[in-house]
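Written out below as structure tokens is the structure these notes cover.
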Amino acid sequence: MGKPEGSFWKIMADKDKLISRSEDYNEWYNSLVLKADLADYGPVRGTMIVKPYGWALWENIQAALDRRFKATGVQNAGFPMFIPMSFLQKEAQHVEGFAPELAVVTHGGGQELAEPIVVRPTSETMIGHAYANWVQSYRDLPILINLWNSVVRWELRTKLFLRTLEFFWQEGHTAHATAAEADERTRMMLDVYTDFAVNEAAVPVIPGEKSAMERFAGADQTLTIEAMMGDGKALQSGTSHNLGQNFARAFDIQYLDTNNELQHCWTTSWGLSTRFVGAIIMTHGDDNGLVLPPRLAPYQVVMVPIYRKDEDKTAVLTATHRIQQELSDAGVRVKVDDRENLTPGYKFNDWELRGVPLRLEIGPRDVENNSVALARRDVPGKEGKQFVSQNGLAHTVTELLADIQQAMLAKATRFRDENTHDVTNYEDFKTAVSTGFARVWWAGSDADETRVKEETKATIRCFPLAQPGGEGVCFYTGQPATRQAIFGRAY
RNA sequence: CGGGGCAUAGCUCAGCUUGGUAGAGCGCUCGCUUUGGGAGCGAGAGGUCGUCAGUUCAAAUCUGGCUGCCCCGACCA
């Protein structure tokens, strides 16, 4: 064709290209979720259809969490999604917090209901009702239960995975005989979330405590893991609440202790949702699309066979399936992209968009040389591509996947740290929270916190559990402070 | 709940100003040629133009209402 060499390919390449993150981060996110085939919009405003690829990612998240929960003695159970309105009203803070976002069922079986029923926004009240019946004696404690379900909160402004009317999550609910045990459990589950985020998702998080204003409605204490997204904004990625005796009192969860005295239980709850999928997208994604951590990726390796002639095809496909089996036997999640109607180049781009950690190309030359090409998703272009021997390939791949996992965590951690600034005055604070986190000494009141939010849109994401110790000067009030806080703009 | 935008083929959109037989690209189906970074040619399938009403001989096009979705702000995992 008579056009300059580059222009044709540039046009072709731009055709289906994502908008770059720097151009419009929001648009990048929205279109990526759709194009990577993770999810789609539901027919009711603000609802989400999770497609098989997105659900597979969620299933891997579920599996990683579930085995950690069970290792601490937690059992799964199923609870009703319908809650009597009166239950919500039993805990004053709780109803106040959730009232504005409740979905209420007024009709059933063609009849108007005598009492409206609430679709669970979370199950603390239903759990309270059940536990009150289950607990009689200190011998019945602790109760350690987790629910995998979905909940409904009538959000005004929604965004796929991050905030939808209905979302999928787990909610753990425990009841204990002592305050110390409840406190221990609250921290233990935060540790579980931290370990999961860092070691499975390669998402560096800051474990910390929420301020009184950001606390869960009805909790004495809310712990959180906070992550920094690619645009410098914060995402609350999992929470663990110490509910004290608030719900035990509201629902009469009582037991007889060893002295035959009636005591209220101490309860906790903790949750992590499909929002975490959003955290993975925005922590690791780049201008070419998703970058999934190998430990959670639905496919860890995608194989793209390449051939021209029929005789090549037979040889290539034979080798492809042999290697597929070999990798699969080694516990690697492999996908062979044997679609006939698409060119290898298209497949490369497609799987990059979908974030598969490692691409394995195999063509006639490889069959001849006993080699394959491996291209790692986290290192784009030629740099990330290498030809390796087919001998010991399972080992090579396993090592490479581990390396990718580690490199992704290192990269995300570096980004987070480079965009976290220790500041001591308001001007520097404003600069810091416009691009990332500000770490400050804080001694302000609720009113001060509100004012900072109004003036800068930044909120206290958490008081990190890891504190430097000693004392500092509050950047806002100038008062002596004993705790440092992380501020940031949040999703 | 306020402000803005959009609604025409599976997707992205043109057509509307100035009313007159429904369009393009991509995708899809079939065939042939292709395949190491988003393939080419040929032949097809596919739309009561969001909805209701009004104006008119005639409405995708003009007018009004309604509905839905997306984006931006206040509230939230």
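None of the values given here were measured: they were computed from a predicted structure. Chain A is the first sequence line, chain B the second, and so forth, proteins listed ahead of strands; every chain is numbered from 1.
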Fill in: Check: Arg308(A) and Pro364(A) side chains under 4.5 Å, non-hydrogen atoms
no
Fill in: Near-strand residues of residues 162-170 of chain A, defined as heavy-atom separation under 4.0 angstrom from RNA chain B
Leu162(A), Arg163(A), Thr164(A), Phe167(A)
Discussion item. Give me the distance, rounded to whole Å, that separates rA9(B) from rG46(B) when you measure between the C1' atoms they each carry.
Written reply: 6 Å
Discussion item. For the C1' atoms, the ones on rC69(B) and on rG27(B), what distance do you get once it is rounded to whole angstrom?
Written reply: 23 Å
Discussion item. Students often mix this up, so state it plainly: with edges at 30° and 60°, are the rings of Tyr193(A) and Phe69(A) parallel, tilted or perpendicular?
Written reply: perpendicular
Item to complete: For nucleotides rA22(B) and rG31(B), find the distance between their C1' atoms and express it as a whole number of Å.
Response: 28 Å
Discussion item. Rounding to an integer number of angstrom, what distance separates rG42(B) and rG54(B) when you compare their C1' atoms?
Written reply: 48 Å
Worksheet, complete the sentence: Of the listed rU35(B), rC76(B), rG73(B), the closest approach to the Arg157(A) side chain comes from rG73(B)
Response to the item:
Between the CD atom in Glu91(A) and the CD atom in Glu124(A), the distance rounded to the nearest 0.5 Å is 10.0 Å
Discussion item. Using the P atom as the point on both nucleotides, what is the distance between rG64(B) and rG5(B), in whole Å?
Written reply: 15 Å
Worksheet entry | rA7(B) to rU12(B) separation - P atoms, rounded to the nearest Å | 11 Å
Worksheet item: Which is true for Asn26(A) with a 4.0 Å heavy-atom rule: it touches a base, it touches only sugar-phosphate, or it touches nothing?
Response: sugar-phosphate
Worksheet item: Which residues satisfy the side chain to side chain donor-acceptor pair (under 3.5 Å) test with His94(A), sequence neighbours excluded?
Response: none
Practice prompt. Tell me which of Glu361(A) and Lys159(A) sits closer to the 5' end of RNA chain B, going by the nucleotide each one is nearest to.
Written response: Glu361(A)
Discussion item. Nearest to the Glu352(A) side chain among rG37(B), rC72(B), rG36(B), which nucleotide is it?
Written reply: rG37(B)
Response to the item:
Exactly one of Tyr476(A), Phe463(A), Phe437(A), Trp442(A) clears ring pair (Phe, Tyr, Trp, His ring centres under 6.0 Å) with Phe487(A), and that residue is Trp442(A)
Item to complete: Using a heavy-atom cut-off of under 4.0 Å over every strand shown, decide if Arg339(A) touches base, sugar-phosphate, or nothing.
Response: nothing
Fill in: Interatomic distance at C1', rU55(B) relative to rC62(B), whole Å
8 Å
Practice prompt. Under 4.0 Å between any heavy atoms, over every strand shown, what does Gly363(A) touch: base, sugar-phosphate, or nothing? Just pick one.
Written response: base
Item to complete: Look at the aromatic rings of Phe247(A) and Phe251(A) and report parallel, tilted or perpendicular, splitting at 30° and 60°.
Response: parallel
Worksheet item: Any donor and acceptor pair, going by atom type alone, linking the side chain of Gln324(A) with main-chain N or O of Val336(A) inside 3.5 Å?
Response: no
Practice prompt. Report the distance from atom CZ of Arg461(A) to atom C1' of rC76(B), rounded to the nearest whole Å.
Written response: 11 Å
Worksheet entry | Contact summary for Ala234(A) and Glu226(A), nearest pair of heavy atoms | CB-OE1, 4.0 Å
Worksheet item: Across the strands shown, which category fits Phe387(A) at heavy-atom distances under 4.0 angstrom: base, sugar-phosphate, nothing?
Response: base
Fill in: Euclidean distance for P, rA60(B) against rU67(B) (whole angstrom)
24 Å
Discussion item. Distance alone, cut at 3.5 Å: any donor-acceptor contact between the side chains of Thr122(A) and Arg120(A)?
Written reply: no
Fill in: Heavy-atom donor-acceptor pair, Arg308(A) side-chain to rG36(B) base, under 3.5 Å
no
Check: protein-nucleotides 68-70 of chain B nitrogen or oxygen pairs below 3.5 Å:
unit_1, atom_1, unit_2, atom_2, d
rC69(B), OP1, Arg45(A), N, 2.3

Worksheet item: What distance separates Leu272(A) CG from Ile61(A) CD1, expressed to the nearest 0.5 Å?
Response: 7.5 Å
